[in-house]
S.K.: 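Starting off with a structure, shown below.
We use all heavy atoms of the structure for the numbers below, so side chains are in, but hydrogens, waters and symmetry mates are not. Within every chain, numbering begins at 1; the chains are lettered A, B, ... in the order of the sequence lines, protein sequences first and strands thereafter.
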Amino acid sequence: MTLKLFNTLTGKLEEFVPQNPPYVKIYTCGVTVYDDSHVGHGRSLIVFDTFRRYLEHLGYKVKFVRNFTDVDDKIINRANKECKHFMEIADRYIARYYEDTEAIGVKPADVEPRVTDHIPEIIEIVQKLIDKGYAYATPEGNVYFSVERFKDYGKLSKRSIDELKAGARVEPGEDKKNPLDFALWKRSKAGEPAWESPWGEGRPGWHTECVAFVFKHLGESIDIHGGGLDLIFPHHENEIAQAEALTGKPFARYWMHNGLVIVNGQKMSKSLGNFVTLREIYTKYHPDVLRLLVLSVHYRSPLDFSWEKMENTKKVYERIRQAVEDFETLKGLQIYEDTEGGLHPLYNTIKETEEKFFKALSEDFKTQEALAAVMELVTEMNKVRNEAFKQKKVSKRTLEAYESAVNSIKNTLRNIFGLLEDVLPRCPVKEVVKKELEPASGVFDEELVNLLVEVRQLARQKKVFDIADLIRDRLKEKGIVLEDTPFGTKWKKMSS
RNA sequence: GGCGGCGUAGCCAAGUGGCUAAGGCGGGGGACUGCAAAUCCCUUAUUCCCCGGUUCGAAUCCGGGCGCCGCCUCCA
């Protein structure tokens with residue numbers, strides 16, 4: 001099955017052919033570590049994590065690099081505000097980033113470079129750009145890329161230099177020759193982080209780091225470069241300008257951009273203040289619910305975030321989760337040998353679901369359509385489950401078919417979509433999740449709940465339903481939901 | 001203003017030239033239950049922002065409107 005991807009560079013859906021199969025080199029822009037990540041960052045991380053898992057599933061040998069920007073104005077500002085060293089701020093938010101992303105099932109990249117570990121590489125690139133005549137140093141100690149020297153400037157964002165000039169602003173005190181020129185190296189002000197360079201003490205501009213990371217860890221020409229839509233201009237345009245000015249080769253052959261997270265019609269961002277951090281999500285919902293929400297929307301479409309939508313997605317998630325967990329209950333039923341021969345009809349649904357699932361992903365990574373296919377399998381599983389529960393026994397043939405369905409979901413939703421890792425057998429519960437899911441009070445006694453359920457059961461047997469209902473209602477107020485099944489009462493904590 | 005994208009049921013969201021317009025949430029009806037919950041079944045768009053055009057045939061292609069969003073400044 002050929003994979004088709006929308007390439008921002010050409011504006012077209014294209015067949016994905018790696019430069020050097022089975023190897024795929026992919027780079028995405030990570031976060032600037034000056035604060036906790038929000039849902040907008042989460043979306044980008046989830047999309048590319050899932051995409052990487054999918055490529056691996058297809059048999060590609062993927063080398064995935066995602067950076068941390070650990071020196072920039074915002075980090076310095078924060079450090080000044082807290083009277084801390086900027087590295088302390090960066091380290092703190094990198095540590096928190098790992099907690100946040102682990103919870104949500106985002107695997108670490110193969111290489112996760114930091115700017116502060118690549119200063120010599122960055123200086124080398126800047127020097128080469130000067131040597132080749134694409135960049136110039138100013139007497140003030142800044143170095144700029146001369147945009148007009150690079151003839152393809154604007155090819156990614158589909159802009160011409162003339163158009164850009166019309167809207168360009170010149171900040172007072174800037175020493176650029178052309179307002180469109182961007183900084184490769186900035187002279188440090190007193191007290192700011194500074195590194196020795198041929199142009200005096202300074203620090204790198206934002207756009208060079210990604211080029212340095214790619215060159216060092218992946219090479220001069222990579223297969224896929226990803227990031228949020230908002231990075232197309234100027235960041236990615238500037239990356240292309242620097243890299244291709246140096247090598248003359250295509251920097252990245254496919255450019256993938258995820259759509260932005262929207263809140264009430266506006267982009268979620270720090271500056272607008274309409275953001276929700278990942279940690280805030282985790283205090284209210286299982287992280288998988290957010291992951292599922294992200295994958296319920298095509299990666300290039302805007303994603304309207306709302307708590308109503310989280311609630312909606314939670315129901316979908318619970319439905320999937322329940323179908324998977326019920327395998328354990330089914331196994332506990334009386335198992336009998338079936339006189340009926342032949343393949344169980346569920347196998348057919350599994351086959352169709354997987355076909356639809358992988359077809360959808362192969363067409364510009366349509367996770368939302370792939371998910372719809374799995375929902376149909378869930379419905380079929382529930383039918384089978386209902387029948388067995390009604391009879392209070394299950395045939396060996398049915399049980400095996402159900403297990404195959406669970407395995408299919410492991411293959412699709414767990415291995416590729418990165419969901420359900422703490423539900424399916426032999427997967428350790430993620431510590432962060434466990435911590436966040438505990439009720440704030442921390443008072444929770446399983447034994448006590450079991451006792452109440454037992455008392456209620458007795459009341460039901462004696463048909464004292466007002467007592468039984470009182471127990472059920474009061475437990476619900478405490479966030480514990482009771483379900484009466486043909487073989488006893490099950491209870492679970494609500495995740496919000 | 002320029003560039004890019006979008007407009008499908010109460011809501012989210014597939015479908016991009018031709019079978020009965022996926023899937024989910026919500027709503028209505030039913031089965032199950034002591035009552036619930038969960039689950040299952042049925043139902044919920046004669047129609048795809050509007051107006052023209054191409055075609056035997058369009059939500060899908062073309063032209064023109066209208067509306068929304070993003071980028072053009074740091075931003076996943």
S.K.: Would you give me the side-chain donor-acceptor pairs under 3.5 Å for residues 37-47 of chain A, sequence neighbours excluded?
M.R.:
residue	atom	partner	partner atom	Å
A/H41	ND1	A/H38	N	3.0
A/R43	NH1	A/G259	O	2.9
A/R43	NH1	A/L260	O	3.2
A/R43	NH1	A/S301	O	2.8
A/R43	NH2	A/H298	O	3.0
A/R43	NH2	A/Y299	O	3.4
A/R43	NH2	A/S301	O	2.7
A/S44	OG	A/N258	OD1	2.9

S.K.: Could you give the NE2-to-C1' distance, from A/H235 to B/U73, as a whole number of Å?
M.R.: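 For the pair A/H235 NE2 and B/U73 C1', the rounded distance is 15 Å.
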
S.K.: Rounded to the nearest 0.5 Å, what separation is found between the CG atom of A/L333 and the NZ atom of A/K393?
M.R.: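 One gets 11.0 Å once the value is rounded to the nearest 0.5 Å.
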
S.K.: At 4.0 Å (heavy atoms only), tell me whether A/K490 reaches a base, stays on the sugar-phosphate, or touches nothing.
M.R.: nothing

S.K.: Assign A/R159 to base, sugar-phosphate, or nothing according to its heavy-atom contacts below 4.0 angstrom with the strands shown.
M.R.: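 Contact class for A/R159: base.
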
S.K.: Give one of base, sugar-phosphate or nothing for A/K270, where a contact means two heavy atoms less than 4.0 Å apart.
M.R.: nothing

S.K.: Could you walk me through whether A/D175 and A/Y144 pass the side-chain hydrogen bond (donor to acceptor under 3.5 Å, both in side chains) test, one step at a time?
M.R.: CA-CA 9 Å; A/D175 50 348; A/Y144 295 102; 2.6 Å; yes

S.K.: So if I define the base as every atom that isn't primed, P, OP1 or OP2, how would nucleotides 12-22 of chain B read as a B/S/- string at a heavy-atom cutoff under 4.0 Å?
M.R.: S-SS------B

S.K.: Quick one: sort the A/W255 and A/H225 rings into parallel, tilted or perpendicular, breaks at 30° and 60°.
M.R.: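 A/W255 vs A/H225 ring planes: parallel.
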
S.K.: Of the residues in residues 34-42 of chain A, which ones touch RNA chain B at a heavy-atom distance under 4.0 Å?
M.R.: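 Hits under 4.0 Å, by residue number: A/G40, A/H41.
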
S.K.: Using a 4.0 Å heavy-atom cut-off, does A/G30 contact any base of the nucleic acid, only the sugar-phosphate backbone, or nothing at all?
M.R.: sugar-phosphate

S.K.: In Å and rounded to the nearest 0.5 Å, what is the CZ to CZ distance from A/R456 to A/F465?
M.R.: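 Nearest 0.5 Å value for the CZ-CZ distance: 9.5 Å.
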
S.K.: Can you tell me if the side-chain N/O atoms of A/N258 get under 4.0 Å from OP1 or OP2 in B/A76?
M.R.: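 Checking B/A76 against A/N258, no side-chain N or O comes under 4.0 Å of OP1 or OP2.
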
S.K.: Rounded to the nearest 0.5 Å, how far apart are CG of A/D364 and CG of A/L5?
M.R.: 6.0 Å

S.K.: How would you label the contact of A/T379 with the nucleic acid (heavy atoms, under 4.0 Å): base, sugar-phosphate, or nothing?
M.R.: sugar-phosphate

S.K.: Nearest-Å distance, NE2 (A/H257) to P (B/G4)?
M.R.: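 Taking atom P of B/G4 as the reference, NE2 of A/H257 is at 15 Å.
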
S.K.: Can you check each nucleotide of nucleotides 32-38 of chain B against protein heavy atoms at under 4.0 Å and return B for base, S for sugar-phosphate only, - for none, in 5' to 3' order?
M.R.: --BBBBS

S.K.: Would you indicate what A/E308 reaches in the nucleic acid, counting non-hydrogen atoms under 4.0 angstrom: base, sugar-phosphate, or nothing?
M.R.: nothing

S.K.: Can you name the side-chain contact (heavy atoms from CB on, under 4.5 Å) partners of A/A372, sequence neighbours left out?
M.R.: none

S.K.: Could you give the CD-to-P distance, from A/E355 to B/G23, as a whole number of Å?
M.R.: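 That distance rounds to 18 Å.
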
S.K.: Kindly write out the residues that satisfy salt bridge (charged side-chain N to carboxylate O under 4.0 Å, His left out) with A/E112, not counting sequence neighbours, or none if the list is empty.
M.R.: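 A/E112 satisfies salt bridge (charged side-chain N to carboxylate O under 4.0 Å, His left out) with A/R66 once adjacent residues are dropped.
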
S.K.: Atom CG of A/L260 and atom P of B/C6: how far apart are they, to the nearest Å?
M.R.: 14 Å

S.K.: Nearest whole Å is fine: how far is B/G23 C1' from A/E380 CD?
M.R.: 14 Å

S.K.: Regarding A/R92 and A/E82, does a basic nitrogen lie under 4.0 Å from an acidic carboxylate oxygen?
M.R.: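 Yes.
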
S.K.: Touch check for A/V374, heavy atoms < 4.0 angstrom, all strands: base, sugar-phosphate only, or nothing?
M.R.: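 Touches nothing.
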
S.K.: CZ of A/R114 to CE of A/M87: how many Å apart, nearest 0.5 Å?
M.R.: 5.0 Å

S.K.: Across the strands shown, which category fits A/S157 at heavy-atom distances under 4.0 angstrom: base, sugar-phosphate, nothing?
M.R.: sugar-phosphate

S.K.: Below the 4.0 Å mark, does B/U39 have OP1 or OP2 next to a side-chain nitrogen or oxygen of A/K383?
M.R.: no

